[in-house]
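Letters A, B, ... mirror the listed sequences (proteins, then strands); counts begin at 1.
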Number of protein chains: 2
Amino acid sequence: MGVPLYQAKAEFFKTLAHPARIRILELLSERDHAVHELLEEIDIEPSNLSQQLAVLRRTSMVVSHRSGGEVVYSVSVPEVRDLLLAARTILAGLIAVQGELESELAPSHRP
Amino acid sequence: MGVPLYQAKAEFFKTLAHPARIRILELLSERDHAVHELLEEIDIEPSNLSQQLAVLRRTSMVVSHRSGGEVVYSVSVPEVRDLLLAARTILAGLIAVQGELESELAPSHRP
DNA sequence: ATCCAACATGAAGACATTCGCAAGTCATGT
DNA sequence: ACATGACTTGCGAATGTCTTCATGTTGGAT
């Protein structure tokens with residue numbers, strides 16, 4: 001087994017632990033986007049967006065190339081879409097679990 | 001679409017962005033573990049483990065119950081296992097992509 | 001060819017959050 | 001009551017985020 005394996009996994013999730021970066025990946029999993037297109041959708045400062053893109057580039061989750069005057073980004077691994085979907089499923093499950101725990105602690109719907 | 005949705009997803013990934021917590025979830029996805037059992041496998045301070053368990057409890061990803069003198073933890077949503085698996089797959093893909101990029105940038109590096 | 005405007009990235013700073021170690025608290029079983 | 005195991009709290013250190021300013025690049029206008 002690789003020694004720093006859990007570290008690598010943690011780093012991977014860490015790159016996903018930001019609203020803007022998730023938003024970027026969701027947009028890119030639909031189709032490629034230029035930077036100014038992302039800017040119109042995400043509503044953050046250009047330099048901030050560039051920073052988040054740099055994080056995603058550093059981990060090779062996205063790649064960029066120039067096309068005329070603009071820079072176009074695309075996801076490097078298509079399975080990213082599956083991961084975001086799986087996360088959504090679990091998130092829904094977690095909300096359900098939280099609801100159960102809540103009603104257990106406050107049994108207002110029990111006769 | 002829910003407005004603070006990306007925030008919720010980011011929080012979710014943030015709870016996964018830690019080596020110890022990933023390790024915990026992997027162990028718990030195999031079978032339930034008591035705290036002292038986790039301690040034997042993970043090699044961190046007890047107080048630190050307790051902190052990480054608290055984080056996982058706060059997000060309802062794990063649940064705990066007393067059984068005699070021990071406290072036993074278990075995952076609350078079984079799909080967590082699927083997520084960890086998906087993450088592993090993507091991680092392997094990313095490493096492959098990184099290898100490609102590396103050989104593109106330094107073609108003479110590899111014979 | 002030169003200049004200009006829009007686009008994209010980078011660096012440095014203040015600011016907030018998180019991590020890990022240390023002690024202390026609480027509960028349980030013998 | 002004692003001992004053990006589990007959990008919380010507080011503080012310094014480290015990390016991450018966002019804003020401001022500066023740099024570089026492309027394409028078109030003068």
Side-chain angles (χ1 to χ4, degrees), chain A residues 4 6-25 27-28 32-76 101 105, chain B residues 4 6-25 27-28 32-76 101 105:
Chain A
Y6 301 104
Q7 184 66 39
K9 290 184 184 177
E11 300 275 348
F12 169 71
F13 284 120
K14 202 178 286 184
T15 66
L16 296 175
H18 194 284
R21 293 198 287 267
I22 293 179
R23 191 85 198 276
I24 293 171
L25 287 178
L27 289 172
L28 291 186
D32 295 1
H33 282 70
V35 175
H36 67 270
E37 289 177 321
L38 295 174
L39 261 178
E40 292 174 2
E41 303 254 5
I42 299 187
D43 183 46
I44 56 179
E45 294 293 320
S47 60
N48 194 355
L49 174 61
S50 188
Q51 282 180 344
Q52 309 307 337
L53 287 173
V55 174
L56 293 174
R57 249 183 306 149
R58 205 169 294 135
T59 58
S60 303
M61 297 194 66
V62 304
V63 292
S64 65
H65 73 279
R66 299 201 74 106
S67 176
E70 23 179 58
V71 175
V72 178
Y73 278 82
S74 43
V75 294
S76 59
L101 294 178
L105 291 176
Chain B
Y6 302 104
Q7 184 65 39
K9 290 185 184 177
E11 300 276 347
F12 170 71
F13 284 119
K14 202 177 286 186
T15 67
L16 295 174
H18 195 285
R21 293 199 287 267
I22 292 179
R23 192 84 199 275
I24 292 171
L25 287 177
L27 289 172
L28 291 185
D32 296 1
H33 282 71
V35 175
H36 63 87
E37 290 177 321
L38 294 173
L39 261 178
E40 292 174 3
E41 303 255 5
I42 299 187
D43 183 46
I44 56 178
E45 295 291 322
S47 61
N48 195 354
L49 175 60
S50 187
Q51 277 182 333
Q52 310 307 337
L53 287 173
V55 174
L56 293 174
R57 248 183 305 146
R58 203 170 298 134
T59 57
S60 303
M61 295 195 66
V62 304
V63 292
S64 65
H65 72 280
R66 300 200 73 103
S67 175
E70 351 175 276
V71 176
V72 179
Y73 279 83
S74 42
V75 295
S76 59
L101 294 178
L105 291 176

Think [X] has a side-chain N or O under 4.0 angstrom from the OP1 or OP2 of [N]?
X        : N       : answer
Arg66(B) : dC26(C) : no
Arg21(A) : dT17(D) : yes
His36(A) : dA6(C)  : no

> At what distance, to the nearest 0.5 angstrom, does NZ of Lys14(B) lie from OG1 of Thr59(B)?
Replying inline: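 If we round to the nearest 0.5 Å, Lys14(B):NZ and Thr59(B):OG1 are 12.5 Å apart.
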
>> To the nearest 0.5 Å, what is the distance between CD on Gln7(B) and CD1 on Ile22(A)?
In response: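 Answer rounded to 0.5 Å: 8.5 Å.
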
>> Need one value for Gln52(B): base, sugar-phosphate or nothing, where a base atom within 4.0 Å counts as base even if backbone is also close, heavy atoms only.
In response: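 Sugar-phosphate contact only - Gln52(B) comes under 4.0 Å of backbone atoms but never of a base.
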
>> Between dT25(D) and Glu70(A), counting only base atoms on the nucleotide and side-chain atoms on the residue, is there a donor-acceptor pair under 3.5 Å?
In response: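 Answer no: no donor N or O sits under 3.5 Å from an acceptor.
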
> Can a donor-acceptor pair under 3.5 Å be found between the side-chain atoms of Ser47(A) and the base atoms of dT20(D)?
Replying inline: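 Present.
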
In whole angstrom, what separates [X]'s [atom1] from [N]'s [atom2]?
X        : N       : atom1 : atom2 : result
Glu40(A) : dA8(C)  : CD    : C1'   : 15 Å
Ile42(B) : dC19(C) : CD1   : P     : 15 Å
Ile24(B) : dA6(D)  : CD1   : P     : 13 Å
His18(B) : dG16(D) : NE2   : C1'   : 14 Å
Leu38(B) : dC7(D)  : CG    : P     : 10 Å
Leu49(A) : dT9(C)  : CG    : C1'   : 11 Å
Ile22(A) : dT17(D) : CD1   : P     : 12 Å
Leu56(A) : dA8(C)  : CG    : P     : 16 Å

> Between Gln51(B) and Ala34(B), which has a closest nucleotide on DNA chain D that is more 5'?
Replying inline: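 Mapping each residue to its closest nucleotide by heavy atoms, the 5'-most match is Ala34(B).
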
> Which residue, Lys14(A) or Ile44(A), contacts DNA chain D at a nucleotide closer to its 5' end, judged by nearest heavy atom?
Replying inline: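 Closest to the 5' end, via its nearest nucleotide, is Lys14(A).
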
> For Leu28(B) and Tyr73(B), which heavy atoms make the closest approach, and how far apart are they?
Replying inline: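 Result for this residue pair: CD2-O, 3.4 Å.
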
>> Of the listed nucleotides (dT8(D), dT9(C), dT19(D)), which one gets closest to any side-chain atom of Ala54(B)?
In response: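 Of all the options, the side chain of Ala54(B) is nearest to dT8(D).
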
> What nucleotide among dT8(D), dT19(D), dC21(C) has an atom nearest to a side-chain atom of Asn48(B)?
Replying inline: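 My answer, after comparing the listed nucleotides, is dC21(C).
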
>> If you define the side chain from C-beta out and look only at heavy atoms, does anything of Val62(A) sit under 4.5 Å from Leu25(A)?
In response: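 Touching, per the 4.5 Å side-chain cut-off.
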
> Can any side-chain N or O of Arg21(A) pair as donor or acceptor with the backbone N or O of Leu56(A) at less than 3.5 Å?
Replying inline: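 Side chain of Arg21(A) to backbone of Leu56(A), a donor-acceptor pair under 3.5 Å: no, none is there.
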
